[in-house]
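To find a chain, count down the sequence lines: A is the first, B the second, and so on, and within it residues start at 1.
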Amino acid sequence: MSYEQLADLIFPEITTTISDLEIRFPQRNLNDGAEVLRFAPSPTGFLHTGSLFTAFLGQKVARQTGGVFFVRLEDTDQKREISGTGVELLSQLAKFGVFPHEGYLGDHESGNYGPYAQSKRANIYKTVIKQMINDNIAYPCFCSTDKLQQMRAVQEANKEVTGYYGHYATCSHLSAAEMIEKINNGEPYVIRFRSHGNHNKMVKVVDLVRGELELSENDQHIVILKSDGLPTYHFAHVVDDHFMHTTIVSRGEEWISSLPLHVQMFAALNWVSPKYAHLPVINKLENGNKRKLSKRKDPEAAVSYFLDLGYAPEAVLTYLLSIANSNFEEWWTTNKSSSLDDFDFSFAKMSLDGALFDLEKVNFFAREFFATLTATQMAERVVDFLELSDKNQPVLKLIKADTPKFIEIMNIEREKENPRKDYMYLEQVWPSISFFYESYYLELFKQNLNDTFNESVDRVTLSNVLNDLKTLMVYAATNEEWFESIKVIASKNDFALSKKEIKQNPDKFKGTVADVAEILRISLTGSKKSPNLHDVIKILKKAEVDQRINFIIANFIR
RNA sequence: GGUCCGUUGGAGAAGCGGUUAACUCAUAUCCCUCUCAAGGAUACAUUCGUGGGUUCGAAUCCCAUACGGACUACCA
C-alpha cells in the first residue's frame, strides 16, 4: 500500500496537479521592485480600524512601488461568518479611498488569480494536499477532539509544550496501509502537515518591520484541512499567497509566532516564501494596561464610528499614517495641501510596539482637514452627509432651498489664512449654524433663554440698547466700521469701551462694549458663542436682523 | 507554564557612545480679542522601566531583573 493510493483514496475527484496550477496562475508581469500586497479579511463583522490601517498601508506600498493590491476573503470559518459583512467591508474600504486593483470586490471579483474567496478554492487546496499526501508531507489524522483534549491535559500537567508533535503525533506514525484501512472503515479524519522541525533549533526569519528574528523551528503537525473540507488559515495563506504571487504579506503582529510554520510549509513545497511585514496592533489603555482596540468596548474600533459621525476619511487616514511612520507628521506639516499618496511610507520606519489610539489626535487632524476645504467643498460634504440619514430631511430641504446662503454660512471665517477650526466631524455643523434659519432660531427661544441675558444688565438698559442697535447699527460696512457703531451705542448707554476703562471707574459703567456685543449676539444667534457677529449680520441681512431684535423686545422685555 | 516581541513625558515619538533629550497632539498660564474658534508667547522628561557593569563619557553597548503585549484551536 502506498501513499499514492492513500492520496487517491482521499481525493478521488482531484485530477489536477500542482503543475497544472502553476500554469493556470503564471508569474505576474511586473516591473522590478513592484510589490504585490493583499488585504485578507474574514467576513466576521464590519471593518475594524486596525484592519483599515493594514489595508490602507497595503494599498499604499503597492501604489508606491507600482505593484498590485488585491483583496482575498478569508471565509473558511463558517461558524463565525456573519453574512453580508464581506460586501460591507469593501464598501467601507471604498469610503476611505481604498480601492483594490483586483480580487474580491464585494458584489463581484476581478483578476486572473481567483477565485478570491477561500471558500471557493477548495479544489486548489485539495490539489496541493493530494500531492503532499503523495509525497508524505501531509497525512490524515484520526484523533478525536476528546483524545486531543486529554493529551493536552497530560502535557500541561507534565509542563510540556502542548500540541501535536513528536511522539504525541500518533497518527503520523501510522503506515499508509493502516491509514487506508481506517478510512475504509469510515473513521473521520483531518489532514495534518508532517513537520520535521526541531523545537530546540532556531530559525532566522526576516520581517520588514522588525528586521531579523530568531524563532524556534516549528515541530507542530498542524491541521491543514479541517473535517469540513476547508483549509485552516495557515495552509490557505501558504497556498493562496503562492499562487496569487503575493510578494509582501502584511498582517497583524499576532502572526509572528506562526511564522516558522509558514516558512517551513513554503520550504516543504519548494516554494519561495514572500516577504513578511508584521504590523503592530493599535491599542487602548485600560486600567493602566495596554490592550488591543476592541470592537466591543471601544466605539472607535469600528470604522463606522467615524463614518457615522461624519469624520473626513482623509483625516482618519492622516492620523493612521502618523502612527505608522513617525516621520510622517514632519512631512505633513510642510505638505498640508499634498495628497497622502505623496508621502513615502516605509515598513522599516514603523515603531515596534503598538500605539495607543488617541482620539484627541484624530480630532486635531480632523479639524485641520476641514479647515483646508473651501466653503463649496465643505457645503457639499455636509449635504452628502445629511443625505445619508432620513431624519435630516427637513434640514436638507432648508439648506437646498438656498444653496448660496448655505455656502456663505460655511464660508464664515473660512477662506482665509487662519480659518476657523471648529469642526471635527460633520454632525457638529448643523447644530452650530441652525440659528441662521428662522424656524430653528425660534426653536432656540422656546428653551429658557431668559437666563442667557446678562443679569447685570437691567431691562430698561437692555431695551435701550436693542432699540439703538436697530437704528444706529451700520449694516453694510467693513468689520471695523461696523464695530465702531457698536462702540457708539455702548458709549450712549454708559458702557465702557475697554476693560481698562471699567477697571479705573467700576461704578461709572454698566458694563463694557463686550456686554453690548453679547446682547446683540444672544438676540441674533440665541447663544453666547457664535462666529464673528459682523459675518452673521451680513448673512442675515438687515430685515432679518431687525425682525430678530423686535422679537427679543417683544418677548423678553417687560 | 512555554516561546517570541517590546519598555524614552498624559499620548504619538526622534535619538543609534559626547545634544540644553528634536518634533506633534493634549494640558496650563499669558497676549490678542465683541463671545467662541483660530492665531501668538511661555511652561511642562535633571532624565530615557529598575539594578549592576563597560567607558574619560551611556537613553544609546553588555548582564541581570521587573513590567506590558502577542501566540500557545479542526478561529482567523
Side-chain angles (χ1 to χ4, degrees), chain A residues 40-42 44 74-77 79-80 118 141 143 145 148-149 152 155-156 158-164 188-192 199 207 210 213-216 220 222-228 230-234 236-237 251-260 278 280-281 283 285 288-292 319 322-330 332-333 351-365 367 371 412-413 416-423 432 479 482-483 486-487 490 499 512-522 525 527-534:
Chain A
S42 303
T44 53
E74 310 230 315
D75 55 348
T76 56
D77 185 359
K79 287 179 221 113
R80 294 201 316 158
Q118 290 180 334
C141 166
C143 297
T145 318
L148 293 173
Q149 261 169 14
R152 162 173 303 274
Q155 289 167 332
E156 274 169 11
N158 294 343
K159 299 201 166 173
E160 290 178 290
V161 177
T162 57
Y164 206 77
Y189 59 89
V190 297
I191 308 289
R192 288 185 184 269
H199 190 68
D207 179 84
R210 282 153 208 274
L213 297 170
E214 242 183 85
L215 305 170
S216 256
Q220 297 278 341
I222 59 116
V223 172
I224 57 177
L225 196 73
K226 299 182 282 185
S227 52
D228 62 8
L230 288 172
T232 55
Y233 170 84
H234 303 293
H237 149 56
R251 40 143 71 155
E253 69 176 2
E254 67 268 22
W255 294 109
I256 288 182
S257 24
S258 37
L259 197 47
H278 289 94
V281 296
N283 295 297
L285 209 57
N289 289 338
K290 269 188 184 181
R291 47 144 251 256
K292 214 164 157 180
Y319 170 69
S322 86
I323 56 174
N325 271 182
S326 60
N327 56 324
F328 168 75
E329 263 190 274
E330 198 182 337
W332 176 79
T333 45
S351 119
L352 269 29
D353 55 340
L356 255 31
F357 192 85
D358 187 0
L359 236 198
E360 290 290 353
K361 195 138 189 181
V362 177
N363 288 337
F364 162 74
F365 285 119
R367 273 191 269 253
I412 293 175
E413 295 176 73
K416 51 185 251 185
E417 182 158 3
N418 288 317
R420 292 187 73 86
K421 295 177 182 169
D422 38 10
Y423 299 130
S432 67
N479 196 18
W482 169 80
F483 196 64
I486 300 298
K487 282 184 177 168
K499 281 177 195 155
T512 69
V513 67
D515 296 308
V516 174
E518 185 176 280
I519 291 167
L520 180 60
R521 171 163 284 113
I522 294 169
T525 71
S527 164
K528 282 187 175 182
K529 297 174 184 176
S530 87
N532 186 319
L533 270 183
H534 181 242

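- Side chains of A:Ser530 and A:Arg521: a donor on one and an acceptor on the other come within 3.5 Å.
- Looking only at distances, no side-chain donor or acceptor of A:Glu518 sits under 3.5 Å from a matching main-chain atom of A:Lys528.
- One P atom belongs to B:U3, the other to B:A64, and the distance between them is 14 Å to the nearest Å.
- A:Arg291 comes within 4.0 angstrom of nothing in the nucleic acid, heavy atoms only.
- On the nucleic acid side, RNA chain B contacts chain A at distances under 4.0 Å to non-hydrogen atoms, with the end points of that region at B:C4 to B:A76.
- When each of A:Gly354 and A:Lys361 is assigned the nucleotide of RNA chain B bearing its nearest heavy atom, the one mapping closer to the 5' terminus is A:Gly354.
- The residue A:Leu520 sits apart from the nucleic acid: no heavy atom pair falls under 4.0 Å.
- Across all strands, A:Ile486 comes closer than 4.0 Å to no nucleic acid atom at all (heavy-atom distances).
- The aromatic rings of A:Trp482 and A:His534 sit tilted relative to each other, their planes meeting at an angle between 30° and 60°.
- If you check every strand for non-hydrogen atoms under 4.0 Å, A:Lys421 touches sugar and phosphate atoms only.
- Among the protein residues, A:Ser326 comes within range of the sugar-phosphate backbone only, with heavy atoms under 4.0 Å from sugar or phosphate atoms but none that close to a base.
- Rounded to the nearest Å, the gap between the P atom of B:U47 and that of B:C4 is 34 Å.
- Taking the P atoms as reference points, B:C23 lies 15 Å from B:A14, given to the whole Å.
- One distance of note links NE2 of A:His237 with CD of A:Gln118; it measures 11.0 Å at 0.5 Å rounding.
- Residue A:Tyr319 is tested with A:Phe328, A:Trp332, A:Phe357 for a ring pair (Phe, Tyr, Trp, His ring centres under 6.0 Å); the sole match is A:Phe357.
- Looking at heavy-atom distances under 4.0 Å, A:Glu330 makes no contact with the nucleic acid at all.
- Contact annotation for A:Ser227: base contact, defined as any heavy-atom pair under 4.0 Å involving a base atom.
- A gap of 36 Å separates the P atoms of B:U27 and B:G18, to the nearest Å.
- Comparing the P positions of B:U20 and B:A58 gives an interatomic distance of 14 Å, to the nearest angstrom.
- With values rounded to the nearest 0.5 angstrom, A:Leu213 atom CG is found 5.5 Å from A:Asp207 atom CG.
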Secondary structure of RNA chain B per the Watson-Crick/G-U criterion (both distances under 3.5 Å; [ ] crossing, | other strand, . unpaired) is ((((((((.[[[..)..(....]]].(((((.......))))).....[[[[[..)....]]]]])))))))....

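- Looking at heavy-atom distances under 4.0 Å, A:Thr76 makes contact with sugar-phosphate atoms alone, never a base.
- In this structure a side-chain-to-backbone donor-acceptor pair under 3.5 Å is missing from A:Glu253 to A:Pro280.
- A:Leu259 contributes atom CG, which lies 5.0 Å from atom NE2 of A:His278 (distance to the nearest 0.5 angstrom).
- For A:Asn418 and A:Lys79, each mapped to the nucleotide of RNA chain B holding its nearest heavy atom, the one lying further toward the 5' end belongs to A:Asn418.
- The number of heavy-atom neighbours closer than 6.0 Å to CD of A:Glu160, taken from other residues, nucleotides and ligands shown, is above 12.
- Among the atoms of the strands shown, none is found under 4.0 Å from any heavy atom of A:Thr512.
- A:Trp332 comes within 4.0 angstrom of nothing in the nucleic acid, heavy atoms only.
- A:Tyr233 comes within contact range of at least one nucleobase, with a heavy-atom separation under 4.0 Å.
- Nucleic acid contact class of A:Asp228 (heavy atoms, under 4.0 Å, all strands): none.
- The backbone N or O of A:Asn532 lies less than 3.5 Å from a partner atom in the side chain of A:Glu413, making a donor-acceptor pair.
- The separation of B:A43 from B:A76, taken at their C1' atoms, amounts to 49 Å, rounded to a whole angstrom.
- Within the model, atoms CG of A:Leu148 and SG of A:Cys141 stand 6.0 Å from one another, a figure rounded to the nearest 0.5 Å.
- A gap of 38 Å separates the C1' atoms of B:A26 and B:C63, to the nearest Å.
- Between B:G51 and B:A41, the two P atoms lie 39 Å apart (nearest whole Å).
- Residue A:Pro280 is classed as having no contact, given no heavy-atom separation below 4.0 Å to the nucleic acid.
- A:Val190 comes within 4.0 angstrom of a base, heavy atoms only.
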